[in-house]
Colleague: 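The structure that follows is given in the form of structure tokens.
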Amino acid sequence: MDWKTWYQEHLCPPQQAVRRIRSGDRVVVAHATGEPSLLLDAMVANAAQYEHVEIVHMVAMGKAEYCQPAYDRNFHHNSFFLGATSRAAAAEGRADFTPVYFSEIPALLRDHLHPNVALIQVSPPDEHGYCSLGVSVDYTKTAAEEADLVIAQVNQNMPRTLGDSFLHVTRFDCIVESCTPVIELPPPKISQVERAIGQNVAQLVRDGDTLQLGIGAIPDAVLLFLKEKNDLGIHTEMFSDGVVELAEAGNITNQKKTLHRGQSVATFLMGTRRLYDYVDNNPAVAMYPVQYVNDPYVIAQNDNLVSINSCVQIDLMGQVVSTSVGLRQISGVGGQIDFVRGANMSKGGRAIMAMPSTTGKGKVSKIVPFLDPGSAVTTTRNDVNYVITECGIAQLRGKTLRQRAEALIEIAHPDFRDALREEYRRRFPRTY
């Protein structure tokens, strides 16, 4: 059977496709902006036919209606990275959180959490019958390869990204055509504090560096101050519209990279239509599964790799909390540790933690003597290198506990330095 015949024979409306999901199934959903919204809407509409269907994925960028109390008997969400639409469900017991490094999710799906169903979204097939996973390759490719049943939303609006991002239509058990917009993430508003952080981070970026950038106002603020840098490269778990601007301006060329020279490498994308149009069929962008992109040993093959991540809290020893506020889980580790360790192993690499010095409208310091009770340490003190706030830069790698505390107090907000120094004197009574 040729692929075109297969495609036609497996074509069906979304309502018919989701009827193949059974009570008790584990359903793995494509990540972030790759979320197949048409399929999820149909599944929720069919909720009365299910009991205890487990919905597994990282951050949900859509409505996540299956997390609502009305569907408590029908669905249970297992999240690898909580977001705005799933935090309340986790706090109230309708969802659970599974700690895991982003790079290890594919192995988790293969060895421990076998997917009964994969709900994915892809581009239309090319002349050979291959569809691209577009903006979400990450763990989505492994989920589709391992699942007993693959339901694919073939979307005319999904960009055709290149790299190791392709699946053949004969892998799909149900094919649902759509022309729905791919989920977009508008650029964040950047405050003066975030601009100051971005300017401080940019001081550590040199011509020819390869960058890992996260999502949000701080990474976007960093990009504002890289317009004088030359021959930058990208090897990152994700990027957004700001990278497009620097690439089109000639600041990002990828010509100094020591791995995948000439290409920006990522595993998923989140941004606006401008980003999706830029990556469409673009040989300068290569998308790979997360077990490759986020492997610290692969990351470290990029000389001068600069990782830029954010965090919630850091204590005077340099222990970093990024995923919880006390016992309350708010997100997930994502690729933070993968890239911190990869950057530290990279020849000339630099791992950076960047955050505002305060939270709660300036009433709470993010640099603290002790972490909040119950907080989960994300990045250990052994891994931390640079910490940056709007108040300055602290370099911790190779420093004693005493020296770390001194450096962190200097970049804390001035309103909290006296209290931090009091703890410092109690902890380190001797002076030299």
Side-chain angles (χ1 to χ4, degrees), residues 6-80 83 85-86 89 94-96 109 113-125 131-136 138-158 167-183:
W6 178 280
Y7 187 96
Q8 291 301 318
E9 289 186 355
H10 290 79
L11 198 59
C12 62
Q15 298 83 357
Q16 178 181 335
V18 299
R19 289 193 199 110
R20 295 186 63 178
I21 299 172
R22 298 287 181 257
S23 293
D25 275 353
R26 176 176 291 123
V27 178
V28 177
V29 180
H31 181 217
T33 56
E35 188 176 303
S37 55
L38 194 67
L39 300 181
L40 289 175
D41 287 348
M43 183 184 69
V44 171
N46 198 46
Q49 305 305 311
Y50 311 131
E51 287 188 1
H52 309 302
V53 169
E54 183 184 16
I55 311 297
V56 179
H57 61 107
M58 279 187 69
V59 65
M61 294 296 294
K63 296 175 287 187
E65 290 180 291
Y66 44 82
C67 285
Q68 296 302 313
Y71 301 108
D72 188 39
R73 180 181 64 85
N74 314 105
F75 304 113
H76 189 81
H77 180 35
N78 182 0
S79 176
F80 300 139
T85 55
S86 54
R94 295 186 308 281
D96 282 309
L109 296 177
L113 298 176
H114 175 75
N116 302 111
V117 183
L119 300 183
I120 68 173
Q121 184 174 203
V122 296
S123 70
C131 299
S132 169
L133 285 161
V135 299
S136 175
D138 42 65
Y139 65 82
T140 305
K141 191 167 193 286
T142 298
E145 290 168 343
E146 295 293 323
D148 303 321
L149 173 72
V150 179
I151 304 176
Q153 179 176 324
V154 178
N155 191 344
Q156 294 289 331
N157 291 314
M158 177 64 86
L167 292 169
H168 199 262
V169 296
T170 54
R171 185 66 190 86
F172 308 151
D173 300 289
C174 299
I175 298 169
V176 176
E177 292 185 327
S178 78
C179 196
T180 56
V182 177
I183 295 172

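The figures here come from the full heavy-atom set of this structure, side chains too, leaving out hydrogens, waters and symmetry mates. For reference, positions follow the sequence shown, starting with 1.
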Colleague: Using the six-membered ring wherever Trp is involved, compare the ring planes of Y71 and F75 and label them parallel, tilted or perpendicular (cut-offs 30° and 60°).
Modeller: tilted

Colleague: Please lay out, stage by stage, how L167 and E145 fare under the test side chain to side chain contact (heavy atoms under 4.5 Å, CB included).
Modeller: CA-CA 9 Å; L167 292 169; E145 290 168 343; 4.3 Å; yes

Colleague: Could I get the full list of side-chain hydrogen bond (donor to acceptor under 3.5 Å, both in side chains) partners for N46, not counting sequence neighbours?
Modeller: Y50

Colleague: Considering all heavy atoms of both residues, which atom of V176 and which atom of P14 are nearest to each other, and what is their separation?
Modeller: CG1-CD, 3.7 Å

Colleague: Using atom types as modelled and distance alone, determine if a side-chain donor or acceptor of N116 lies under 3.5 Å from a backbone N or O of R26.
Modeller: yes

Colleague: Out of curiosity, T140 OG1 to M58 CE, how far, rounded to the nearest 0.5 Å?
Modeller: 10.0 Å

Colleague: Counting distance only, does the side-chain N/O of Q121 pair as donor-acceptor with the main-chain N or O of Q153 below 3.5 Å?
Modeller: no

Colleague: Atom CZ of R94 and atom CZ of R73: how far apart are they, to the nearest 0.5 Å?
Modeller: 15.5 Å

Colleague: Rounded to the nearest 0.5 Å, what's the gap from NZ on K63 to CG on D41? Could you check?
Modeller: 3.5 Å

Colleague: Can you name the closest pair of heavy atoms from V182 and T33 and give their distance?
Modeller: CG1-O, 3.5 Å

Colleague: What are the two closest heavy atoms between S23 and E51, and how far apart are they?
Modeller: OG-N, 2.8 Å

Colleague: With side chains defined as the heavy atoms from C-beta onward, is the minimum distance between V154 and P125 less than 4.5 Å?
Modeller: yes

Colleague: Do the side chains of Q68 and V44 get nearer than 4.5 Å, heavy atoms only?
Modeller: no

Colleague: Just verifying a value: how many Å separate E54 CD and D96 CG, rounded to the nearest 0.5 Å?
Modeller: 8.5 Å

Colleague: What's the shortest heavy-atom distance between H31 and V59, and which atoms?
Modeller: NE2-CG1, 3.3 Å

Colleague: Rounded to the nearest 0.5 Å, how far apart are CG of L119 and OG of S37?
Modeller: 11.5 Å

Colleague: Tell me whether R20 contacts the main-chain N or O of L149 through its side chain, where contact means a donor paired with an acceptor under 3.5 Å.
Modeller: no

Colleague: Is there a side-chain contact between M158 and V122 (heavy atoms, below 4.5 Å)?
Modeller: no

Colleague: Can you tell me if W6 uses its side chain to pair, donor with acceptor, with the backbone of R171 under 3.5 Å?
Modeller: no

Colleague: Does H77 have its ring centroid less than 6.0 Å away from the ring centroid of Y66?
Modeller: yes

Colleague: Please tell me if the side chains of K141 and I120 come closer than 4.5 Å, counting only heavy atoms from C-beta onward.
Modeller: no

Colleague: Identify the two heavy atoms, one from V28 and one from P115, that lie closest to each other, and give their separation to 0.1 Å.
Modeller: CG2-CB, 3.5 Å

Colleague: Quick one: does any side-chain atom of S123 pair with a main-chain N or O of S132 as donor and acceptor, under 3.5 Å?
Modeller: yes

Colleague: Any sub-3.5 Å donor-acceptor pair from D25's side-chain atoms to V27's backbone N or O?
Modeller: no

Colleague: Side chains of H114 and D148: closer than 4.5 Å at any heavy-atom pair?
Modeller: yes

Colleague: What residues, two or more places apart in sequence or in another chain, satisfy ring-ring contact (aromatic ring centres under 6.0 Å, His included) together with Y7?
Modeller: none

Colleague: Hey, could you give me the SG/CG distance between C174 and L39, rounded to the nearest 0.5 Å?
Modeller: 9.5 Å

